[in-house]
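What follows is a set of notes on a single structure, which appears directly below.
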Amino acid sequence: MTLCGVLVLAGCTDETGPEPPAPVVTTQEFEQRLTEHLSRAVNGALEPEAQATPPSHSRNVGCAELRAGGPSWGVRPRAEMTVSAGQKAEKYLDDVDTWMIREGFGERTKRLRTGTPADVREITGEHDDGTELLMEMALDSGRFTVTLTGPCTWPPDRPGGPPSSGRLPPLPPPSGPTQTRSDTDADPCRSPKLFVYNLTSRPFAGRGPHPMAMVGYSDEESIEYAEILLPDGFEPRYERFTDPTNHDQVQLLVCVRVVATQDSRQDVTCNYASEQALLAGGHPFTFDLFESVYHVTVREARSGRKIGEFSVRGRQGAEESCPYRMSYIRKLARGIDEAAFQRRLRPLLEARR
């Protein structure tokens, strides 16, 4: 019997799949882009009272976890800054969030992470250039962090990469402020870098009078205050109140922020007419009257530029401090000293610029 051996050759197949795409931008170039994003946010959303640290940079090696994939040697650059603003930290977090939306950071998520030692507000987003955004603020901490992480990039210590610069298209010009054209919207007062009263208003220039509009507001939700009015002759003269160009006459926006200081130990009863109480002479409601300070900031209506600021104490009597409309909030700020308010505003009304 003759035995014939048969040699079987097994072909080897590559089960690892195709190589992931190589990065087309260097780590150094994208680090500059991350710095640019953060710098624009600081300049576009933060006032001097909010202090931002210089960006700190780090690099994470490996890009396999990305949706688009990437080589194990690729680098994801990261930049982070911390913004400290005390009691206004949450307000500035919202301002930076608004700025980032205008700058093109989409696919956003917002959530509140509960935990120890504090609950954390978290906001995420992603820019068209591949930058991922993460903002975090522990409640009542007075600060928040803004972290930007880039896509997979070519590290500086690996030869054969793309040019060191020029691969990223430039960012478009920074977005400008949004106009509100409203005397009830306090956004131009609270966030003057993001909002202005009216972009087409006349500049604060030339001989007076310089017509004004006014917004009264409080940062404390549980407070009421009497209606604050500009003195006669300080507002524009409108031929037709429905004319959309009326806002263009306003040169100055007067922002009045009401602060209740201490309890006067005095109650004030205000009468309000309701449909059920019209025939009964009005519906009474009793408030706790608090001493008050009115912080006034005057801004150019078209740009938000600060022109002047001063404070006026509450001086009105109890009954004159009643709010225009009935409210079930019991804390009431004493009404503004109208004579002092007019005296401080008049030099701006009549100024020669």
Does any non-hydrogen side-chain atom of Arg257 lie less than 4.5 Å from one of Tyr217?
-> yes

Donor-acceptor contact present, side-chain Arg334 to main-chain Gln316, <3.5 Å | yes

Backbone N/O of Glu291 and side chain of Thr261: donor-acceptor pair under 3.5 Å = yes

Please test Phe234 against Met214 for side chain to side chain contact (heavy atoms under 4.5 Å, CB included), starting from the C-alpha separation and ending with a verdict.
-> CA-CA 10 Å; Phe234 282 54; Met214 194 197 70; over 6 Å; no

Report the C-alpha distance between Asp95 and Ser191 in whole Å, list the side-chain angles of each, state the deciding distance to 0.1 Å, and finish with yes or no for side chain to side chain donor-acceptor pair (under 3.5 Å).
-> CA-CA 7 Å; Asp95 284 356; Ser191 305; 3.0 Å; yes

Just say parallel, tilted or perpendicular for the rings of Phe204 and His210, cut-offs at 30° and 60°.
-> perpendicular

Is there a donor-acceptor pair closer than 3.5 Å between any side-chain N or O of Thr153 and the backbone N or O of Val75?
-> yes

So OG1 of Thr27 and CZ of Arg158: to nearest 0.5 Å the spacing works out to 11.5 Å

Of the non-hydrogen atoms in Glu300 and Ile307, which two are nearest, and what is the gap between them?
-> N-CG1, 3.7 Å

For Ser165 against Glu29, the heavy-atom pair lying closest together = CA-OE1, 3.4 Å

Should Arg181 and Thr200 count as side-chain neighbours, where that means a heavy-atom distance under 4.5 Å?
-> yes

Charged N-O contact under 4.0 Å between Arg121 and Asp94 = yes

Would you find a donor on one side and an acceptor on the other, under 3.5 Å apart, between the side chain of Ser264 and the backbone of Leu289?
-> yes

Taking everything shown except Phe310 itself, do over 12 heavy atoms lie less than 6.0 Å from its CZ?
-> yes

Criterion side chain to side chain contact (heavy atoms under 4.5 Å, CB included) on Val312 and Val256, from CA distance to verdict | CA-CA 10 Å; Val312 176; Val256 183; over 6 Å; no

Donor-acceptor pair, Ser201 side chain versus His247 backbone, under 3.5 Å?
-> yes

Identify the two heavy atoms, one from Gly304 and one from Arg299, that lie closest to each other, and give their separation to 0.1 Å.
-> O-NH1, 2.8 Å

Give a yes-or-no answer on whether the side chains of Thr124 and Thr109 include a donor-acceptor pair shorter than 3.5 Å.
-> yes

Looking only at heavy atoms, the pair that brings Lys193 and Leu46 closest together is NZ-O, 2.8 Å

Any donor-acceptor pair under 3.5 Å linking the side chain of Thr26 with the backbone of Ser164?
-> yes

Between Thr297 (side chain) and Cys255 (backbone), is there a donor-acceptor pair under 3.5 Å?
-> no

Side chain to side chain donor-acceptor pair (under 3.5 Å) evaluation trace for Thr184 with Ser182 | CA-CA 5 Å; Thr184 59; Ser182 170; 3.0 Å; yes

Would Leu93 end up clustered with Val146 when hydrophobic side chains under 4.5 Å apart are linked, directly or stepwise?
-> yes

Using the rule that two of Ile, Leu, Val, Met, Phe, Trp, Tyr join whenever any of their side-chain heavy atoms come within less than 4.5 Å, decide whether Val61 and Leu34 are in one cluster.
-> no

Would you indicate whether Gln266, at its atom CD, is surrounded by more than 12 heavy atoms from other residues, nucleotides or ligands within a distance under 6.0 Å?
-> yes

Just how far is it from atom CG of Leu171 to atom CZ of Arg40, taken to the nearest 0.5 Å?
-> 4.5 Å

Kindly work out whether a path of hydrophobic side-chain contacts (I/L/V/M/F/W/Y, heavy atoms less than 4.5 Å apart) joins Val120 to Phe144.
-> no

Do Lys88 and Glu47 sit within salt-bridge range, that is, some charged N less than 4.0 Å from a carboxylate O?
-> no

Specify the closest pair of heavy atoms between Asp129 and Pro151, including all atoms of both residues, with the distance to one decimal.
-> O-CG, 4.1 Å

Trace of the side chain to side chain contact (heavy atoms under 4.5 Å, CB included) decision for Asp288 with Asp267 | CA-CA 5 Å; Asp288 297 327; Asp267 292 340; 3.1 Å; yes

Side-chain heavy atoms of Leu348 within contact of Met212, under 4.5 Å | yes

Ser175 side chain vs Glu103 backbone, donor-acceptor pair below 3.5 Å | no

Can Val254 be reached from Ile336 by stepping across I, L, V, M, F, W or Y side chains whose heavy atoms are under 4.5 Å apart?
-> yes

Taking C-beta and beyond as the side chain, do Phe290 and Ile223 meet within less than 4.5 Å on heavy atoms?
-> no

Looking only at non-hydrogen atoms, find the nearest pair between Tyr272 and Phe287 and report the distance.
-> OH-CE1, 3.8 Å

Within 45° cone and under 6.0 Å: Arg102 NZ/CZ vs Phe195 ring | yes

Taking the side chain as C-beta and beyond, is there a heavy-atom pair between Met135 and Val96 under 4.5 Å?
-> yes

Exam field: side chain Thr286 to backbone Val268, donor-acceptor pair closer than 3.5 Å = no

Would you confirm whether Arg76, through its side chain, and Gly150, through its main-chain N or O, come within 3.5 Å as a donor-acceptor pair?
-> yes

Is it true that Glu49 and Lys91 have a side-chain N and a carboxylate O under 4.0 angstrom from each other?
-> no

With hydrophobic residues grouped by side-chain heavy-atom distances under 4.5 Å, do Val215 and Tyr324 end up in a single group?
-> no

